[in-house]
Amino acid sequence: MSKYAPLWEYVQKRGEQSFLLTFDEIQSIAGIPIDHSFLKYKKELVEYGWQAGKISMKEETVMFHKIG
């Protein structure tokens with residue numbers, strides 16, 4: 001199981017076509033802080049019908065988009 005599985009499940013349940021989460025929100029949902037490995041793990045999100053879009057290090061946010 002992926003260390004980000006709780007986050008992917010949360011994202012999958014969202015009703016919007018796209019939305020923004022802060023790094024703090026991601027840590028709260030996933031139970032772990034976001035780190036450089038997120039770039040590798042974000043590819044798993046496609047299996048849930050979503051993709052991670054813009055990641056802003058300055059704003060500490062990640063944009064999520066529903067596929068299709």
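These numbers come from a predicted model, not from an experiment.
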Roughly how far, to the nearest 0.5 Å, is [atom2] of [Y] from [atom1] of [X]?
X     : Y     : atom1 : atom2 : answer
Gln27 : Thr22 : CD    : OG1   : 9.5 Å
Thr61 : Asp24 : OG1   : CG    : 11.5 Å
Glu16 : His65 : CD    : NE2   : 12.5 Å
Ile26 : Phe38 : CD1   : CZ    : 5.0 Å
Ser56 : Leu20 : OG    : CG    : 8.5 Å

If hydrophobic clusters are built from ILVMFWY residues whose side chains come within less than 4.5 Å, do [X] and [Y] share one?
X     : Y     : answer
Leu39 : Val46 : no
Met63 : Met57 : no
Ile32 : Phe23 : yes

Requested in this report: Only pairs at least two apart or in different chains count here, so list each salt bridge (Lys or Arg N to Asp or Glu O under 4.0 Å) that has a residue in residues 31-50.
Outcome: Lys3-Asp35
Any [X] side-chain heavy atom under 4.5 Å of [Y] side chain:
X     : Y     : answer
Ile34 : Ile55 : no
Tyr4  : Val11 : no
Tyr48 : Lys13 : no
Leu45 : Gln51 : no

Requested in this report: Anything under 30° is parallel, anything over 60° is perpendicular, the rest tilted; go ahead and classify Trp8 against Phe64.
Outcome: perpendicular
Requested in this report: Verify whether the ring centers belonging to Phe19 and Trp50 lie closer than 6.0 Å.
Outcome: yes
